[in-house]
Amino acid sequence: MHKFANPAKFNRLADIILPWIIGLTVLAFASGLYYALWDSPADYQQGESVRMMYVHVPAAWSSMFIYLFIAVASFVALIWRHPLALLAGKAAAPIGATFTALALITGSLWGKPMWGTYWQWDGRMTSVLVMFFLYLGYIALWEAMEDDEKAGRAASILALVGVVNLPIIKFSVEWWNTLHQSASVMRMDGPAMPTEMLKPLLILGIAYQLYFAVVVLWRMKLEINQRKIDVMRRIAMSDEG
Amino acid sequence: MAGLKTRKKQRLMVVSTALVVFVGAVALVLFALGGDSLSLFLQPSAVVEKNIQQGQRFRLGGLVKDGSFEKQADGLTYKFVVTDCVADLPVSYRGILPDLFREGQGVVTEGRLDDSGVFVADTVLAKHDENYAAPGTMPKDAAACAHPTAEEAQTP
């Protein structure tokens with residue numbers, strides 16, 4: 001595993017992968033949005049408002065997937081002291097926080113006309129809001145300490161503690177009575193949705209993950225280069241002095 | 001090198017144990033709190049079971065019973081029955097209903113029981129279920145009360 005811990009090798013590998021996944025991301029978004037906005041039916045109850053789902057559900061999936069990504073990265077960073085794992089978590093957090101905010105906002109905008117309310121403190125909405133605060137806490141811990149190693153360790157512990165929230169988010173709609181509906185796609189009896197709706201939803205789900213991969217690689221490269229600059233600056237300064 | 005290996009193993013043990021213990025503790029807390037205190041609303045059978053007194057404010061949720069919806073003469077007051085397929089509870093509400101309010105669909109209401117056992121609601125929210133379908137078609141699963149289980153069917 002430590003073969004990939006070399007930042008120079010990582011940068012080279014990222015440069016090879018990036019053009020491909022950027023192309024795939026554009027393709028996935030273009031076809032997903034085409035199906036979502038033009039080539040899929042309205043809903044028998046919600047009418048055209050159903051299209052909010054194509055933005056909301058992939059954002060919610062991504063928010064949880066990225067949290068899991070950060071948690072795994074934190075675990076690896078804490079135990080194996082893998083420097084790139086720490087950076088991966090740091091790079092992913094703002095993306096995850098943004099997707100969580102997007103899920104909360106689009107859900108709220110859908111809720112007003114459909115449910116009749118922007119917000120209720122039910123199990124699903126509350127647990128997702130808690131995840132949003134976990135993201136903010138993780139980002140804040142990184143910023144709060146001068147020493148990157150210490151900051152990263154504190155943030156990683158918070159990320160691992162917050163993992164317990166993921167099953168709570170997923171199963172909140174089954175364990176408790178909530179205003180939020182239960183799962184339509186990932187459920188035991190198969191999707192409760194016609195194929196024409198499932199297609200754009202799944203394509204956009206993949207598009208969001210590809211977008212995440214692109215941005216997280218960019219941000220990790222940025223972090224690595226930033227560190228290189230810092231080191232060079234320090235060397236230059238000690239040479240002068 | 002051997003020392004480094006053991007330190008990693010030690011960290012792995014400590015972090016994994018801490019995680020398992022923490023997740024277990026949270027699971028126990030959630031289990032101890034129980035479903036009702038963490039739920040947004042009570043279903044009619046829970047209202048009967050808990051013997052909730054009149055005047056106590058709570059949220060009631062369930063399906064709007066088929067054929068129970070009535071608009072009163074003033075044009076602003078609505079009466080309907082909320083059911084969980086086991087128990088029924090009549091509801092009266094004065095106000096504007098959300099777009100998705102329909103017989104056979106889910107609803108969450110907030111209010112109090114009056115002395116005649118009617119739930120007087122001041123808020124009515126529509127609860128959308130997990131079914132999606134194109135207009136003119138029916139979703140894969142029909143409404144919850146369409147197929148009562150043997151046990152439910154015996155309830156008078």
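Treat the numbers as computed from the prediction; the structure is a model and nothing was measured. In the text below, chain A, chain B and the rest are named by the order of the sequence lines, each starting its count at 1.
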Trainee: Starting at CD1 of A/Ile79, measure out to OG of B/Ser16 and round the result to the nearest 0.5 Å.
Mentor: 5.0 Å

Trainee: Among B/Arg11, B/Lys8, B/Arg7, which one satisfies side chain to side chain contact (heavy atoms under 4.5 Å, CB included) with A/Arg81?
Mentor: B/Arg11

Trainee: Relative to chain B, which of A/Asp122, A/Asp43, A/Val164 shows the most heavy atom pairs under 4.5 Å?
Mentor: A/Asp43

Trainee: Measure distances from A/Ile168 to the heavy atoms of chain B and classify the residue's part below 4.5 Å as side chain, backbone, both or neither.
Mentor: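 For A/Ile168, side-chain heavy atoms alone lie under 4.5 Å from chain B.
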
Trainee: So, B/Lys127 side chain and A/Thr178 main chain: donor-acceptor pair closer than 3.5 Å or not?
Mentor: yes

Trainee: Mark yes when over 12 heavy atoms from residues, nucleotides or ligands other than B/Met13 sit less than 6.0 Å from its CE; otherwise mark no.
Mentor: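 Result for CE/B/Met13: open.
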
Trainee: Could you tell me which portion of B/Gln105 (side chain, backbone, both or neither) has an atom closer than 4.5 angstrom to a non-hydrogen atom of chain A?
Mentor: side chain

Trainee: For each of A/Trp121, A/Trp175, A/Phe75, tally heavy-atom pairs with chain B at distances under 4.5 Å, and name the one with the top tally.
Mentor: A/Phe75

Trainee: For A/Val173, is it the side chain, the backbone, both, or neither that has a heavy atom closer than 4.5 Å to a heavy atom of chain B?
Mentor: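 No part of A/Val173 comes within 4.5 Å of chain B.
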
Trainee: Taking atom types as modelled and ignoring hydrogens, do the side chains of A/Gln45 and B/His128 form a donor-acceptor contact shorter than 3.5 angstrom?
Mentor: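 No, no side-chain donor-acceptor pair sits under 3.5 Å.
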
Trainee: Could you tell me which of A/Met197, A/Lys112, A/His180, A/Gln181 has the largest number of non-hydrogen atom pairs under 4.5 Å with chain B?
Mentor: A/Gln181

Trainee: At their closest point, which heavy atom of A/Met114 faces which heavy atom of B/Pro98, and how far apart are they?
Mentor: O-CB, 4.0 Å

Trainee: Which atoms of B/Leu38 come close to chain A, meaning under 4.5 Å heavy atom to heavy atom: side chain ones, backbone ones, both, or neither?
Mentor: both

Trainee: Quick check: are there more than 12 heavy atoms from other residues, nucleotides or ligands sitting under 6.0 Å from OH of A/Tyr211?
Mentor: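 No - once you tally the heavy atoms of other residues, nucleotides and ligands closer than 6.0 Å, there are 12 at most.
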
Trainee: More than 12 heavy atoms of other residues, nucleotides or ligands under 6.0 Å from CD of A/Glu149: is that the case?
Mentor: no

Trainee: Let me know if B/Val23 has heavy atoms under 4.5 Å from chain A in its side chain, its backbone, both or neither.
Mentor: both

Trainee: Below 4.5 Å, heavy atoms only, C-beta onward: do A/Gln120 and B/Phe41 meet side chain to side chain?
Mentor: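 Side chain of A/Gln120 against side chain of B/Phe41, heavy atoms only: no contact under 4.5 Å found.
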
Trainee: Show your working on side-chain contact (heavy atoms from CB on, under 4.5 Å) between B/Phe22 and A/Val161 and close with a plain yes or no.
Mentor: CA-CA 8 Å; B/Phe22 177 70; A/Val161 167; 3.5 Å; yes

Trainee: Would one find more than 12 heavy atoms of other residues, nucleotides or ligands at under 6.0 Å from atom CD1 of B/Ile96?
Mentor: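 Incorrect, the count does not exceed 12.
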
Trainee: Return the minimal non-hydrogen interatomic distance between A/Asn177 and B/Ser39, and the atom names on each side.
Mentor: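 Heavy atoms only, the tightest pair is N-OG, 2.8 Å.
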
Trainee: Looking at chain A, which one of B/Val15, B/Thr123, B/Asp99 has the largest number of heavy-atom pairs inside 4.5 Å, strictly under?
Mentor: B/Val15

Trainee: Should A/Trp176 and B/Leu30 count as side-chain neighbours, where that means a heavy-atom distance under 4.5 Å?
Mentor: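 SC-SC contact between A/Trp176 and B/Leu30 confirmed.
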
Trainee: Could you have a look at A/Ser184, A/Pro41, A/Ser49 and say which one has the most heavy-atom pairs with chain B under 4.5 angstrom?
Mentor: A/Ser184

